Amino acid sequence: RHDGRNYARHRVEHRRGTDRAGWRLITEWVQVNGRDWGWRLTGEPLGGDPPSGWRWPAWLGGSTSWSPQRKVSMLFSATVGMESILGPHFAASLVVVDRTENHVELRGNDDRVGGSFSVHVHAKPAPHQSGILDHTPSCSVVGLVSEYLDVMEHWKVAGDWIQDRMRMTGNIGDGHQSEANIHVAQFICSVPFALEVRLVHHGGRSEADVEQVARQLTDRALLQRFEDAKEHFEQKFRETFQLDDEPLVGVMSEDRLEFAKQTLSNLLGGIGYFFGSTQVDLDMAKNHLDPDEEKHGVIVVKERRLWLRPRGLLTSTPSRSLFPRGFFWDEGFHQLLILRWDKRLAQECILSWFSTQTSTGWFPREQVLGFDAIAAFPRHVEHLLVQDPTVANPPTLLAPLRVLAHQRMLRNTIRNGTENNDPDTSESDNAEFEQMFWLETMKSMTKLLRWLEETQRGEEDGSFRWRGRSKKQITPDGYPHTLASGLDDYPRALEPHENERHVDLHSWIAWSHRVFADITETMQLDEYRNHSRSSTSLLSLLYRHHRTESGQFCDYDGEDFVCHEGYVTILPIILGLLDSSSSTFQADVEVFLEMISDPDRLSSPCGIRSLSKADEYHHKGDFYWTGPCWQPFNFLTLAALKEIYSTLEGSTGQKARLLYQNLRQNVVDGVFLSWSDSATIHEQYSDDDGAGRRGKSFTGWSALVVLMMAELYDGLL
């Protein structure tokens, strides 16, 4: 479980050998008073005795190893300060003040978090399998090291630095350096064991108050807080998603509810704060960024890179293990689920994203901020670390903004209402935050839309093409990638050309202007009415991509249409961009419904496949966006079917309603059954048999399955 703010419970099991012996580690934490934290880590045996010398991968900045006596080594690391290539960005202190056989205490000071604070790590008695509590603490402190590490070495804490110290004896030993910025404590624990950690702020409190808070975060008081927080999560989940009577659940109701709770929790648990500098191609920066960006950054001439001034980012991540960083076009889909759970948290993430926007209006496609994030970046695509400020990405952050505006409109219809879902805020605080939120987001959206139109325009007036396509970056089948689109290996024109027109980019830009206009109208923001280009003109120009004989929307290579049936060709339809007054509207909808219901085209066991089975490039390229199913496009398709095409009269509406029911059942069943088999959510799903593919623990936009289960699409289109 993870509620995104105040409570989390995480269970990890690792087994090995024929008898599947191993152990279970349960981590729980809770926040109280808005600034104090308590953790409890519990180790439990599973099966028989594990083999001698069995090792378990690192966690919490350390590693774990078994002995025949059920001994396990736990490492805790604490770092202080926040640094980037430009040096430290705020001063803080953290020192070890006490160490006993079963306990380590640190004291720190940081004005940004309320002044002084203390961190305590305690070994606690743990119940044995008989349930009898042995009052002897189950862990002992065997090593404590305090050192100063250069900012470039910080990311090695969980790797080389620790491993070097433990190589000979398995212990880190003892060591102390003045002005240390990292402290590592090693406990040896006998399974079963329990450890408690608490962080208590002292600023503005008497010693008696500090002691009272400490008592709230230890022993039975802490366990009770866990129980209360867990119950609050369960109740909030029931009220938010109302899945108890969900017809899809059937006889597997408890399993499916657990699946939905774990999926949501993993998305929320993937939210993190990152701090650091984006690396930009120096030559492109000189021509396409404000000179102030260069003035306040750092130039690495040899590598032709500009490190932009450091920025902080609160963001969710596609996968904590595989992609621990922010992705611009993923984030809009992430926030569609987060805002249903915690509106204020979603708004804080969105504001944080807008704070990373450059003065020109550009957003880096990937936010690789800080040396930890850089260290986790895949080496085989390391060249993508350096961003190009002319390359765009689908502006999906406008989707949660549209839903938020729709929700506010609905709330405003309830006169004298007192609804306030934002945590720890009074109504006046909430109103002030809302005003600030919409002021900042409208400013950022204005800059973004202007930047998109100016930098992504095509040779022909009113046309658009993705930048960054090059014969230098090609798929195994020889055609260029289009990384900017997000659909990396989706087939386009074989030769990149200035006269290309890309229908998906035109669709995103037209949709963005319509969303901007809708928000302006809904929020009654008159000062922004003239900032957005008429979405009507952009929508009419979209029909230049319309291939009348097939009823499809296609790319254009400068001489002819380029039609590869799949996510690109259906995007105008699932974004709701069709002109209902057009003479081809009815026929276009029928063509769309036929495409997504035909198993030889886009219909598959995992939902709507990314590229038609009949296309010459099906399962070719990188086998990435050339067939497998992706949840964002299935979600958009379901939303369009439910909110738009199911409302049409006659046989077209009837067919859309039936397709909606079948597709929703298919997608949810597929993801759930894959999770049941593998205990993980995947990045994509096979269009052959529905099995999960590629990235595991991919609870970013794949978590949209929870919204599909709850049928929450209102305000999106």
Side-chain angles (χ1 to χ4, degrees), residues 4-5 240-241 263-264 267-268 270-271 313-318 326-357 363 367 393-411 421-422 430 433-434 436-449 452 486 508-509 511-523 525 528 532 574-576 631-636 638-640 642-643 699-708 710-717:
R5 285 186 181 272
T240 302
F241 299 107
T263 301
L264 169 68
L267 172 65
L268 295 170
I271 296 174
L313 176 64
L314 179 69
T315 181
S316 53
T317 56
F327 284 73
F328 184 64
W329 93 291
D330 296 52
E331 189 66 7
F333 291 108
H334 298 166
Q335 296 304 327
L336 287 173
L337 177 54
I338 293 172
L339 71 85
R340 301 287 183 173
W341 176 257
D342 188 332
K343 171 193 159 192
R344 181 64 170 264
L345 179 58
Q347 289 177 299
E348 290 168 353
C349 289
I350 292 170
L351 282 175
S352 186
W353 263 95
F354 282 141
S355 73
T356 69
Q357 186 180 35
F363 286 93
Q367 298 273 2
N393 222 201
T396 60
L397 274 177
L398 275 71
L401 291 174
R402 193 182 195 283
V403 175
L404 287 168
H406 175 75
Q407 290 178 343
R408 182 164 181 177
M409 178 191 69
L410 294 179
R411 285 197 299 272
N421 292 325
D422 299 333
N430 187 45
F433 175 83
E434 287 288 321
M436 180 273 294
F437 174 80
W438 288 108
L439 177 64
E440 293 301 318
T441 54
M442 294 303 286
K443 286 180 181 178
S444 290
M445 280 193 289
T446 301
K447 287 196 298 183
L448 173 60
L449 295 182
L452 283 169
W508 285 120
I509 292 177
W511 170 81
S512 297
H513 279 277
R514 191 175 71 179
V515 170
F516 187 93
D518 289 347
I519 292 175
T520 301
E521 183 69 27
T522 300
M523 305 297 294
L525 300 170
Y528 286 99
S532 177
I574 62 178
L575 287 179
Q631 299 313 316
F633 283 85
N634 276 283
F635 176 73
L636 289 174
L638 285 170
K642 178 79 183 309
E643 300 294 310
T699 43
W701 60 24
S702 291
L704 288 168
V705 66
V706 178
L707 291 182
M708 299 182 222
E711 299 187 274
L712 291 174
Y713 318 106
D714 55 295
L716 178 63
L717 300 175

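All figures in this text were calculated on a predicted structure; none of them were measured in a lab.
We find the CZ-CD distance between F516 and E521 to be 12.5 Å, quoted to the nearest 0.5 Å. Between atom OG of residue S355 and atom CG of residue L313 there is a gap of 6.5 Å, rounded to the nearest 0.5 Å. How far CZ of F633 is from CG of L636: 7.0 Å, rounded to the nearest 0.5 Å. Between the OH atom of Y713 and the CG atom of L638 there is a distance of 4.5 Å, given to the nearest 0.5 Å. If you take CD on E440 and CD on Q357, they are separated by 10.5 Å, rounding to the nearest 0.5 Å. Summarising the geometry, atom OG1 belonging to T396 is positioned 7.5 Å from atom CG belonging to N393; distances are rounded to the nearest 0.5 Å.
Counting heavy atoms from C-beta outward, M523 and M409 have side chains that stay 4.5 Å or more apart. Side-chain contact check for L351 versus F433: some heavy-atom pair is nearer than 4.5 Å. In this structure, F327 and T317 have side chains that are not in contact, with every pair of non-hydrogen atoms separated by 4.5 Å or more. Contact check for C349 versus T315: no side-chain heavy atoms found under the 4.5 Å cut-off. No side-chain heavy atom of H334 sits less than 4.5 Å from a side-chain heavy atom of I271. Taking the side chain as every heavy atom from C-beta outward, T522 and H406 never approach each other to under 4.5 Å.
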- Assess whether side chain to side chain contact (heavy atoms under 4.5 Å, CB included) is satisfied between L398 and L448, documenting all intermediate values. CA-CA 10 Å; L398 275 71; L448 173 60; 4.1 Å; yes

- Message: side chain to side chain contact (heavy atoms under 4.5 Å, CB included), that's the test. Do F241 and L264 meet it? Break it down for me.
- Response: CA-CA 11 Å; F241 299 107; L264 169 68; 3.8 Å; yes

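Counting all heavy atoms, side chain and backbone alike, A399 lies closest to W511 at N-CH2, 3.5 Å. Closest heavy-atom contact between Y528 and L439: OH-O, 4.0 Å. Considering all non-hydrogen atoms of both residues, W701 and Q631 come closest at O-CB, 3.7 Å. Closest approach of R402 and L717 over heavy atoms only: NH1-O, 3.2 Å. Between W438 and L401, the closest heavy-atom pair is CH2-O, 3.4 Å. The two residues D330 and P318 make their nearest non-hydrogen contact at OD2-CG, 3.6 Å.
At a cut-off of 3.5 Å, with distance as the only test, no side-chain donor of Q347 or Q335 sits close to an acceptor on the other residue. Side-chain polar atoms of E331 and S316 form a donor-acceptor pair below 3.5 angstrom.
Salt bridge absent: E348 and K343 never bring a charged side-chain N and a carboxylate O closer than 4.0 Å. A salt bridge links R340 to D714: at least one charged side-chain nitrogen sits closer than 4.0 Å to a carboxylate oxygen.
Of the residues L337, L268, V705, L704, the one that meets the side-chain contact (heavy atoms from CB on, under 4.5 Å) test with T263 is V705. A side-chain contact (heavy atoms from CB on, under 4.5 Å) with P400 is found for one member of L339, L716, I338 and no other, namely L339.
Although no hydrogens or angles enter the test, the distance criterion places no donor-acceptor pair under 3.5 Å between the side chain of S444 and the main chain of T441. Side-chain N or O atoms of T356 include one that pairs as donor or acceptor with a backbone N or O of W353 at under 3.5 Å.
Ring geometry, W508 versus W329: the interplanar angle exceeds 60°, so the pair is classed perpendicular (tilted spans 30 to 60°).
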